[in-house]
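For reference, the structure discussed in these notes is given below.
A quick note: this is a predicted structure, and the numbers were derived from the prediction, not measured.
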Amino acid sequence: GSVIDISVTISPIKDSDGRITGASKVARDISERKRLEASLRQAVSELQAADKKKNEFLAVLGHELRNPLSALRGSVEIIENGFDRPEELARIMQSSIGTMSKLLDDLLDLSRMSQDRITLEKETVDLEEVIQTAVAAARKRYEEKGQQILTAIIGPLFVEGDATRLEQIFSNLLSNACRYSDPGTDIVVRAEQRSSEAVVVISDEGIGMDPDVLEKVFDPFYQVKPDGQAASGLGIGLALTR
């Protein structure tokens, strides 16, 4: 059964001479008050955690935007001083613009998701083609870290889905696999049909995580922080992926 909280007040009963002749006892059910107090404590705790998470997110956002902006500012200064290899500067500037665009797109998507405004444009999609596009886009980043992306896709694989969002899913997972895996390691992308479903598995040799973190990683702005390392990314990718 349920637990009931009782508050008991005992008061002495005195006669006209001030002698105690008995006692009165009043019992009150304070279960509802206790429940309200517990709910209030939980709400305050959640607000404090949300505020801390928000502050951490803003700090990381500033850091993530500062790097590409610094690269753009430096490129502009070089152009102003004269530079005979414009193609090299163009590559740096395009990369910086792409980084900022990705950050802003993810933030906008998160806002749309929170307002239930993301619409999936479903059609028949070649899943192998979507995966290969995401792999090709990530390959340069992997090469810079000395990692390899290996694919094992048993096709054909056609699904009803939104090609843009599916590519976004695989791009986010590949980005995480790269970020949390050591240089020189392999990341393997497998895809096959099982019964009536297409199953995609991305395996890496990363740092892993504790079981109690598995659900939290899908919360917006939550990040797994390797020991001795600063946070990387905004903690949005897995929330959008889910």
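- Put simply, the side chain of Asn172 does not reach to within 4.5 Å of the side chain of Leu238, judged on heavy atoms.
- Considering only heavy atoms from C-beta on, Ile202 comes within 4.5 Å of Ile187 through its side chain.
- Here the side chain of Gln147 pairs a donor or acceptor atom with the backbone of Asp182 at under 3.5 angstrom.
- Taking OG of Ser203 as the reference point, atom CG of Asp186 lies at 11.0 Å (rounded to 0.5 Å).
- A donor-acceptor pair under 3.5 Å is absent between the side-chain atoms of Ser175 and the main chain of Ser171, judged by distance alone.
- Rounded to the nearest 0.5 angstrom, Leu36 CG and Arg41 CZ are separated by 11.0 Å.
- In this structure a side-chain-to-backbone donor-acceptor pair under 3.5 Å is present from Asp162 to Glu121.
- Within a 6.0 Å sphere centred on CD of Glu197, other residues, nucleotides and ligands contribute 12 heavy atoms or fewer.
- Of the possible donor and acceptor atoms, none in the side chain of Lys25 sits under 3.5 Å from a partner among the backbone N and O of Ser11.
- Closest approach of Ala134 and Phe170 over heavy atoms only: CB-CB, 3.9 Å.
- Within the 4.5 Å cutoff, side-chain heavy atoms of Val213 are placed close to those of Asp210.
- Under a 3.5 Å cut-off, the side chain of Gln193 and the backbone N or O of Ser195 do form a donor-acceptor pair.
- Leu173 contributes atom CG, which lies 10.5 Å from atom CD of Gln168 (distance to the nearest 0.5 angstrom).
- Using a 4.5 Å heavy-atom threshold, the side chains of Val189 and Leu150 count as separate.
- No donor-acceptor distance shorter than 3.5 angstrom exists from the side chain of Thr185 to the backbone of Ser181, with no hydrogens or angles considered.
- Note: the hydrophobic cluster containing Val130 does not contain Val199 (ILVMFWY, side chain heavy atoms under 4.5 Å, direct or indirect links).
- Residues Asp204 and Tyr180 have side chains not in contact (no heavy-atom distance under 4.5 Å, counting atoms from C-beta outward).
- Under a 3.5 Å cut-off, the side chain of Lys145 and the backbone N or O of Lys140 do not form any donor-acceptor pair.
- Side-chain contact between Ile153 and Arg190 is absent, with no heavy-atom pair separated by less than 4.5 Å.
- Cluster membership for Leu214 and Phe218, using ILVMFWY side-chain heavy atoms within less than 4.5 angstrom, is shared.
- With Lys122 as the partner, the side-chain contact (heavy atoms from CB on, under 4.5 Å) test is satisfied by one option alone out of Thr119, Leu120, Thr124: Leu120.
- Taking the side chain as every heavy atom from C-beta outward, Met100 and Leu72 approach each other to under 4.5 Å.
- Under a hydrophobic clustering in which Ile, Leu, Val, Met, Phe, Trp and Tyr are joined whenever their side-chain heavy atoms come within less than 4.5 Å, directly or via other members, Val188 and Ile169 fall into different clusters.
- No more than 12 heavy-atom neighbours from other residues, nucleotides or ligands sit within 6.0 angstrom of CD on Gln94.
- The structure places CD of Gln132 at 11.5 Å from CD of Glu167, a figure rounded to the nearest 0.5 Å.
- Arg19 places none of its side-chain heavy atoms less than 4.5 Å from the side chain of Ile13.
- In plain terms, the two heavy atoms of Phe158 and Pro156 that are nearest each other are CE1-CB, 3.6 Å.
- Salt-bridge check for Arg141 with Glu143: failed, with every basic side-chain N at 4.0 Å or more from each acidic carboxylate O.
- Counting heavy-atom neighbours within 6.0 Å of Lys14 NZ, excluding the residue itself, gives a total of 12 or less.
- A donor-acceptor distance shorter than 3.5 angstrom exists from the side chain of Asp126 to the backbone of Glu128, with no hydrogens or angles considered.
- At a threshold of 4.5 Å between side-chain heavy atoms, the hydrophobic network of Ile, Leu, Val, Met, Phe, Trp and Tyr places Leu69 and Ile79 in one connected group.
- Between Leu157 atom CG and Ile131 atom CD1 the span is 7.0 Å, to the nearest 0.5 Å.
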